[in-house]
2 protein chains.
Amino acid sequence: MQCLSKNNSNTLVVDIFLKKIEEVSNESRQYTQKRKIVALLNKSEKPLTIPGICKKVKLSVPTGTKLINELISDNIIIEFGKKETDNGRRPSLYKVDPEIAYCIGTVVLLKGISFAVYNLEMEEVFSMQDENFILENTESCLDEVVRFIQEAISKSGIDPSRVLGMGMGITGRVNSRTGFSYNYFNFLEGALTDFFSGKFSFPVHIDNDTHVLGLAEQYFGEAKNIKNAFVLNLSRGMGLAIIANGELVVGEQGFAGEMGHIQFAESDKLCLCGKRGCLGTEVSGYALEQNFQQQIEAGESSLLLNQKQATQIKYKDILKAATEGDSLAISLTHNIGFILGKAMGNMINLLNPGVIIIGGEFVSAKEILIDSIKSGMMHTGLQLPLRSCELIFSSIGDDAASKGAAAIVFRSLQLI
Amino acid sequence: MQCLSKNNSNTLVVDIFLKKIEEVSNESRQYTQKRKIVALLNKSEKPLTIPGICKKVKLSVPTGTKLINELISDNIIIEFGKKETDNGRRPSLYKVDPEIAYCIGTVVLLKGISFAVYNLEMEEVFSMQDENFILENTESCLDEVVRFIQEAISKSGIDPSRVLGMGMGITGRVNSRTGFSYNYFNFLEGALTDFFSGKFSFPVHIDNDTHVLGLAEQYFGEAKNIKNAFVLNLSRGMGLAIIANGELVVGEQGFAGEMGHIQFAESDKLCLCGKRGCLGTEVSGYALEQNFQQQIEAGESSLLLNQKQATQIKYKDILKAATEGDSLAISLTHNIGFILGKAMGNMINLLNPGVIIIGGEFVSAKEILIDSIKSGMMHTGLQLPLRSCELIFSSIGDDAASKGAAAIVFRSLQLI
DNA sequence: TGAGGTTTATAAAAATAATTATAAACTTGC
DNA sequence: GCAAGTTTATAATTATTTTTATAAACCTCA
């Protein structure tokens with residue numbers, strides 16, 4: 001009430017989203033109740049009725065009605081038709097006006113940067129990419145990121161005062177709790193989130209690219225209603241997002257998920273981390289490229305050589321060739337799938353997930369991977385946990401990561 | 001109020017503990033508030049003042065005072081002296097009467113069964129063991145368990161109507177959500193919890209012995225204030241309790257933690273599960289016994305042979321001999337520690353815990369194990385997560401498991 | 001088509017809780 | 001040793017919320 005009476009000012013309208021429900025504060029009781037109603041409506045897939053809302057927030061219908069009407073005149077929630085019922089007077093349905101506030105998801109990868117704005121229903125209202133961006137641990141690269149985001153915000157035409165926050169997925173090791181980044185932009189004195197928050201008028205959160213992909217599956221993808229899940233990010237590198245008890249596991253410092261550095265490899269190739277036997281040396285886009293070159297040198301042939309030199313061929317090319325029937329590409333992909341499957345079988349024993357979702361660039365070769373992964377899993381997984389674990393491939397698509405990054409904002413405000 | 005006015009009946013007094021706070025119900029608002037106050041006081045380590053309570057449950061001091069006074073006349077909470085402050089009138093302190101209700105923890109192992117009653121401050125008020133018990137998957141064994149518990153309750157002298165529930169830790173695979181046991185007492189048509197609940201007047205929960213040990217460390221031991229931790233149960237077998245985001249991870253069906261069946265072994269001995277390379281074939285009390293016999297057969301000597309024949313020597317004997325300086329025992333224990341350490345290093349990469357707690361019978365050889373585990377961890381763990389992960393040995397003692405089992409009850413009622 | 005049943009929504013009355021004011025208990029410092 | 005400052009606890013007043021009652025909207029079935 002106190003803040004919402006003057007709803008000409010956007011900042012004040014957005015204020016109702018910006019505090020967690022249980023947060024202790026000396027705001028009026030009614031305002032807390034209003035925030036509860038708004039959060040409930042935002043979390044709900046479908047619009048709700050007044051009696052439904054009142055039951056959930058434990059309010060009587062008269063007071064609930066009063067608060068809801070105030071929220072309507074504040075332009076925060078809107079009426080949305082009437083509910084079809086079998087008998088009785090039809091109740092009006094209400095939902096949060098999806099265009100009253102926005103959140104931003106940004107993803108910074110080794111190659112490429114992307115930006116997207118989502119409304120409260122998580123519909124993309126604007127997006128922008130730069131495929132030519134190259135991530136470097138330099139001040140000038142950081143400036144480039146800031147400029148890119150500023151330009152994107154300006155092009156999107158959204159009012160920054162209506163932005164609840166920005167979530168950022170960034171390659172490398174990141175402490176999502178403190179906001180520090182350890183591999184990139186680590187020259188800053190303070191947290192990377194603080195640096196960005198200083199540049200923009202809204203709060204900024206970060207996590208690594210794999211975790212952000214996990215959040216996308218958790219909230220919008222195949223893990224939506226499953227409390228325990230794995231989301232594998234298999235591209236040039238590999239990472240694992242673990243969802244346990246319905247929450248993403250980031251660990252004590254945010255480093256959880258380094259599955260590429262578990263000693264599950266069958267050979268003892270030297271890994272970039274300095275150790276031997278890391279799974280990532282055999283299961284990754286990088287490994288696929290290495291294996292391909294090795295096989296060519298050993299005399300194997302491939303249709304890919306018609307287009308490019310062996311050393312120029314990237315893992316995405318090999319995956320594409322595999323789907324097109326190139327037998328060397330298929331056999332190499334198969335092999336990776338089998339080793340991956342054995343590793344996943346062990347992971348199943350450890351954490352008993354209900355579903356494993358394969359995401360990342362390797363999804364393009366899903367027909368070739370699925371059986372090899374499954375047969376690998378059979379080798380190491382125990383009967384009971386294996387039986388109830390589904391293996392599927394991600395279907396959210398290209399904007400998964402930025403959607404997941406934006407979800408960090410909603411999660412932090414308990415709006416999801 | 002409605003239930004508590006007649007507090008002669010114990011069942012009605014205990015009623016205030018038996019519902020979760022946020023549970024939707026049509027009880028009076030004041031009663032819900034009372035339950036909030038009781039839960040808050042029970043969770044709090046120290047007694048609280050009226051203003052403190054009112055701030056936490058978001059009530060004004062006058063209404064809070066009224067409810068607290070009612071709870072006092074209902075004999076549920078008690079005054080507990082006055083708080084020392086620097087200035088101002090000294091507030092009275094209040095806490096839940098610890099003897100108003102109890103919970104039971106029972107642990108059923110392959111050899112031995114134990115029972116303990118705890119008051120609301122988790123102090124043991126009664127305990128009973130039967131070391132001669134042998135677990136079998138038979139109806140007569142199940143009867144024996146029931147008889148043992150009935151006898152223990154009767155001997156303890158506690159009023160069953162004051163028992164909030166019983167938590168049971170049982171060896172083998174267990175689905176703690178559904179209450180089904182898959183290895184023992186699996187001949188029942190329904191859930192094992194339903195069977196027990198039918199025998200007693202209070203609800204019964206189960207989980208496996210390793211998870212229960214993890215709960216003990218989480219709530220009362222070394223993991224108390226750490227959100228991400230491992231608790232290893234290293235005895236004749238091995239299991240891992242994983243705590244992530246402040247919650248025990250049991251997985252989708254409750255099977256999480258089968259670390260003994262991850263392919264981290266260096267040899268490819270056949271495991272009882274039918275697979276090869278399982279960590280448990282090299283890191284467990286069973287493996288220690290096997291290795292000992294093998295070494296003796298190969299001509300090694302040990303002080304232990306003065307007491308018993310090689311085939312009669314149990315892993316506990318070997319651990320004891322190691323602490324007493326027997327060089328074969330030390331070298332075998334060391335070796336297990338090193339392999340375990342390498343496995344733990346990988347687990348650290350995966351889940352980035354803040355602490356690893358070694359529990360189980362192997363704790364007796366902690367001086368010998370600690371360095372070998374640490375050096376193993378160095379071999380496989382990544383720098384960043386390794387640096388911030390502490391390795392410690394459990395110090396809760398013998399009743400850890402039953403305390404953890406009892407904690408299931410408190411956890412289910414949000415009293416912890 | 002209209003009576004009976006059901007549910008939503010609003011109005012008036014009753015119950016409940018929060019503010020405000022005041023008293024009591026305690027420390028500190030002159 | 002007592003005034004000033006601080007905090008707890010209770011009493012009286014004010015505000016809010018729930019209950020109860022009533023009206024309105026809608027279905028079904030005779």
Side-chain angles (χ1 to χ4, degrees), chain A residues 1-5 24-37 40-41 44 46-73 77-95, chain B residues 1-5 21 24-38 40-41 44 46-73 77-95:
Chain A
M1 190 156 77
Q2 65 263 70
C3 296
L4 297 173
S5 47
V24 182
S25 60
N26 41 8
E27 71 188 13
S28 77
R29 223 168 199 71
Q30 292 207 344
Y31 192 69
T32 309
Q33 297 286 21
K34 279 188 185 178
R35 290 203 289 109
K36 268 194 194 174
I37 292 170
L40 175 70
L41 284 173
S44 166
K46 285 170 273 180
L48 301 175
T49 66
I50 288 184
I53 295 166
C54 292
K55 199 171 258 179
K56 288 266 189 180
V57 299
K58 293 195 178 179
L59 266 174
S60 67
V61 175
T63 32
T65 308
K66 183 189 146 219
L67 297 180
I68 288 163
N69 285 331
E70 281 177 22
L71 285 165
I72 290 172
S73 59
I77 71 175
I78 51 178
E79 219 184 299
F80 196 70
K82 288 203 180 282
K83 192 180 179 183
E84 291 297 314
T85 48
D86 291 345
N87 52 6
R89 175 172 168 179
R90 266 82 187 269
S92 293
L93 288 166
Y94 300 89
K95 66 171 186 177
Chain B
M1 191 156 77
Q2 65 262 69
C3 296
L4 297 174
S5 48
I21 299 303
V24 183
S25 58
N26 40 8
E27 70 188 13
S28 77
R29 224 169 198 68
Q30 293 207 343
Y31 192 68
T32 309
Q33 298 285 22
K34 280 188 187 179
R35 289 204 289 109
K36 269 193 194 173
I37 293 170
V38 169
L40 174 71
L41 284 173
S44 166
K46 285 169 273 179
L48 301 175
T49 66
I50 288 183
I53 294 165
C54 292
K55 199 171 257 178
K56 288 265 189 181
V57 299
K58 292 194 179 181
L59 266 173
S60 68
V61 174
T63 31
T65 307
K66 183 190 146 218
L67 297 180
I68 289 163
N69 284 330
E70 281 176 25
L71 284 165
I72 290 171
S73 59
I77 71 176
I78 51 176
E79 221 185 298
F80 196 70
K82 290 206 178 279
K83 192 181 178 184
E84 290 297 312
T85 49
D86 290 346
N87 53 5
R89 176 171 166 179
R90 266 83 188 269
S92 293
L93 288 165
Y94 300 89
K95 67 171 187 177

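Naming convention: chains lettered A, B, ... in sequence-line order (proteins, then strands); numbering from 1 in each chain.
The NZ-C1' distance, from A:Lys83 to D:dC27, rounds to 16 Å in whole Å. Across the protein-nucleic acid pair, B:Lys58 atom NZ and C:dA17 atom P stand 17 Å apart, rounded to whole Å. As a whole-Å value, the separation of B:Leu93 CG from D:dA9 C1' is 14 Å. The distance from atom NZ of A:Lys36 to atom P of D:dT17 is 12 Å, rounded to the nearest whole Å. One interatomic measurement links the two molecules: CD1 of B:Ile72 to P of D:dA9, which rounds to 10 Å at whole-angstrom precision. Atom-to-atom, CG of B:Leu67 to C1' of C:dA15 comes out at 14 Å; the value is rounded to the nearest Å. Between the P atom of D:dT8 and the CD atom of B:Glu84 lies a distance of 14 Å, rounded to the nearest Å. At whole-Å resolution of the value, CG in B:Leu59 and C1' in D:dA9 are 16 Å apart.
Using a 4.5 Å heavy-atom cutoff, the side chains of B:Leu41 and B:Val38 are not in contact. Residues A:Leu93 and A:Thr49 are in side-chain contact: their nearest non-hydrogen atoms beyond the backbone lie under 4.5 Å apart.
Along DNA chain D, the nucleotide closest to B:Gly52 and the one closest to A:Gly64 are compared, and the more 5′ of them pairs with B:Gly52. Comparing B:Ile50 and A:Val61 by the nucleotide of DNA chain D that holds the closest heavy atom to each, the one mapping nearer the 5' end is B:Ile50. For A:Lys82 and B:Lys66, each mapped to the nucleotide of DNA chain C holding its nearest heavy atom, the one lying further toward the 5' end belongs to A:Lys82.
Phosphate proximity of D:dT17 to A:Thr63: absent, as no side-chain N or O sits under 4.0 Å from OP1 or OP2. The side chain of A:Gln33 places no N or O atom within less than 4.0 Å of a non-bridging phosphate oxygen (OP1 or OP2) of D:dT16.
Heavy atoms from other residues, nucleotides or ligands lying under 6.0 Å from NZ of A:Lys83 number 12 at most.
Closest to the side chain of B:Pro62, out of D:dA9, C:dT19, D:dT16, is C:dT19. Counting only heavy atoms from C-beta on, A:Arg90 has its side chain closest to D:dC26 among D:dT8, D:dT19, D:dC26.
A:Ser92 comes within 4.0 angstrom of the backbone, heavy atoms only, and of no base.
Contact annotation: side chain of A:Arg89 to base of C:dT8, donor-acceptor pair present below 3.5 Å.
Between B:Gln33 atom CD and B:Thr63 atom OG1 the span is 8.0 Å, to the nearest 0.5 Å.
What you find for A:Cys54 and A:Gly64 is that their closest heavy atoms are SG-CA, 3.7 Å.
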